[in-house]
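For reference, the structure is listed below as structure tokens.
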2 protein chains.
Amino acid sequence: MAVVRELVRTYQAFSAYSEENIRELGLTAPQFDVICTLGNTSGMMMGQLAEKTLVTKGTLTGIVDRLEQKGLVRREVPPENRRCFIIVLTPEGERVFESVFPSHIHHLKERLGHLTDAETQQITAALKRLRELF
Amino acid sequence: MAVVRELVRTYQAFSAYSEENIRELGLTAPQFDVICTLGNTSGMMMGQLAEKTLVTKGTLTGIVDRLEQKGLVRREVPPENRRCFIIVLTPEGERVFESVFPSHIHHLKERLGHLTDAETQQITAALKRLRELF
DNA sequence: TATTGTTATACTCTATAACTATA
DNA sequence: TATAGTTATAGAGTATAACAATA
């Protein structure tokens, strides 16, 4: 069971460190997740987006609403299927993704840079092994 | 960055697996966390409990309220300091901790049992190393 | 004055199920 | 009928700041 405890504590440590950055942008974790998922794509339907971010579509509606209010994403109606929306990053959203995401990454890299290549490989392998069990 | 992705995905896998069990009891993750923290103790002040479960005291008030409604914990006022409460598991709460917690553990062990001792050690060490960085 | 918790406020997330519009 | 999303409903967690009671 020590393994599980370690996993949880490590994730919590990462999570606390990470959310600090996200919050400074006035974003929540799910909102940040959506921005990152849309980054480097040409947009995505609500359904796809919900699947990738592991939330239900009803929940996603609210998250996208709030991102739209902030001007970071917009809903586009494709003429060939007017039932659905394509969610796309606005230029402002792109800017957030491109400037903030790397700075987030940068923050993390500052920490992870202390690992040797061998350590990185070991840790990655360990986590994969553990994940296979669930 | 692959390391972080692995960590997140592994935790999500664990979390999905774990929350399934918790939900079946009509509990939420924070509530379960409180029960586990109180288990095998003689009780704890709100402040301590908040610190251990990583939520603010205002938030904890609501969580403890709901557990009290379910009859799983109670607030005891120590005569020597009437400002504070000692939160204690009720017999019903003990029962949940003792019967449900092990069954939760049991579910996890089913999975973790597939690890050799060496693997367990490796993974634990890897997670510790990673956590140190945050 | 300092400490311990609660309360008030305001939001976000969450799932489920019913609903609307389009195909 | 089936599909894509929204809306309605109801609850839980979240932080912050103001507050009450006790020490």
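Labels below follow one simple rule: chain letters A, B, ... track the order of the sequence lines, proteins then strands, and each chain is numbered from 1.
In this structure, A:I87 atom CD1 and D:dT6 atom P are separated by 7 Å, rounded to whole Å. If you take CE of B:M46 and C1' of D:dA21, they are 15 Å apart, rounded to a whole angstrom. Here C:dT14 presents its C1' atom at 16 Å from CG of B:L27, a figure rounded to the nearest Å. In this structure, the CZ atom of A:F32 is 14 Å from the P atom of C:dC13, given to the nearest Å. Here C:dT20 presents its C1' atom at 15 Å from CG of A:N81, a figure rounded to the nearest Å. Atom pair B:K57:NZ and D:dA17:P shows a separation of 12 Å (rounding to whole Å applied). In this structure, CG of B:L60 is placed 13 Å from P of C:dT7, rounded to the nearest angstrom. Distance CG (B:D65) to P (C:dG5): 14 Å, rounded to an integer number of Å.
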Report task. Decide yes or no on side-chain contact (heavy atoms from CB on, under 4.5 Å) for B:L89 and B:L72, but give the supporting numbers first. Result -> CA-CA 6 Å; B:L89 289 181; B:L72 300 179; 5.7 Å; no
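For B:Q31, taking side-chain heavy atoms from C-beta onward, the closest of the listed nucleotides D:dG13, D:dT22, D:dT6 is D:dG13. Side-chain proximity of B:M45 to the nucleotides C:dT4, D:dT14, C:dC13 is greatest for C:dT4. Side-chain atoms of B:C84 lie closest to C:dG5 of the nucleotides C:dT6, C:dG5, D:dT6. In the set D:dT14, C:dT6, D:dG5, the nucleotide with an atom closest to the side chain of B:T61 is C:dT6. Of the candidate nucleotides C:dT12, C:dA23, D:dA15, C:dA23 has the atom nearest to the side chain of A:R82.
Residue order along DNA chain C, read from the 5' end via each residue's closest nucleotide, puts A:A29 first among A:A29 and A:P79. Along DNA chain D, the nucleotide nearest B:I63 and the nucleotide nearest A:G58 are compared for position; the residue whose nucleotide lies closer to the 5' end is A:G58. Summary of the strand contacts: A:L54 and B:G47 both lie near DNA chain C, and taking for each the nucleotide with the nearest heavy atom, the more 5' one is attributed to B:G47.
Neither OP1 nor OP2 of D:dG5 sits under 4.0 Å from any side-chain N or O of A:R75. For C:dC13, the OP1/OP2 oxygens have a side-chain nitrogen or oxygen of A:R66 closer than 4.0 Å. Regarding contacts with the backbone of C:dA15, every side-chain N or O of B:R23 stays at 4.0 angstrom or more from both OP1 and OP2. Close to C:dT14, at under 4.0 Å from its OP1 or OP2, lies no side-chain N or O of A:T56. Not one side-chain nitrogen or oxygen of B:T59 sits closer than 4.0 Å to the OP1 or OP2 atom of D:dG13.
Between the base of C:dT3 and the side chain of B:R83 there is a donor-acceptor pair shorter than 3.5 Å.
Residues A:H114 and B:R129 approach most closely at O-NH2, 3.4 Å, considering heavy atoms.
At least one donor-acceptor pair under 3.5 Å links the side chain of A:T124 to the backbone N or O of A:T120. Under the 3.5 Å distance criterion, the side-chain polar atoms of B:T53 are matched with a main-chain donor or acceptor of B:L49. With hydrogens and angles ignored, the 3.5 Å screen pairs a side-chain donor or acceptor of A:T90 with a backbone N or O of A:G71.
The existence of a salt bridge linking B:E68 and B:K70 is excluded, since no basic side-chain nitrogen approaches an acidic carboxylate oxygen closer than 4.0 Å.
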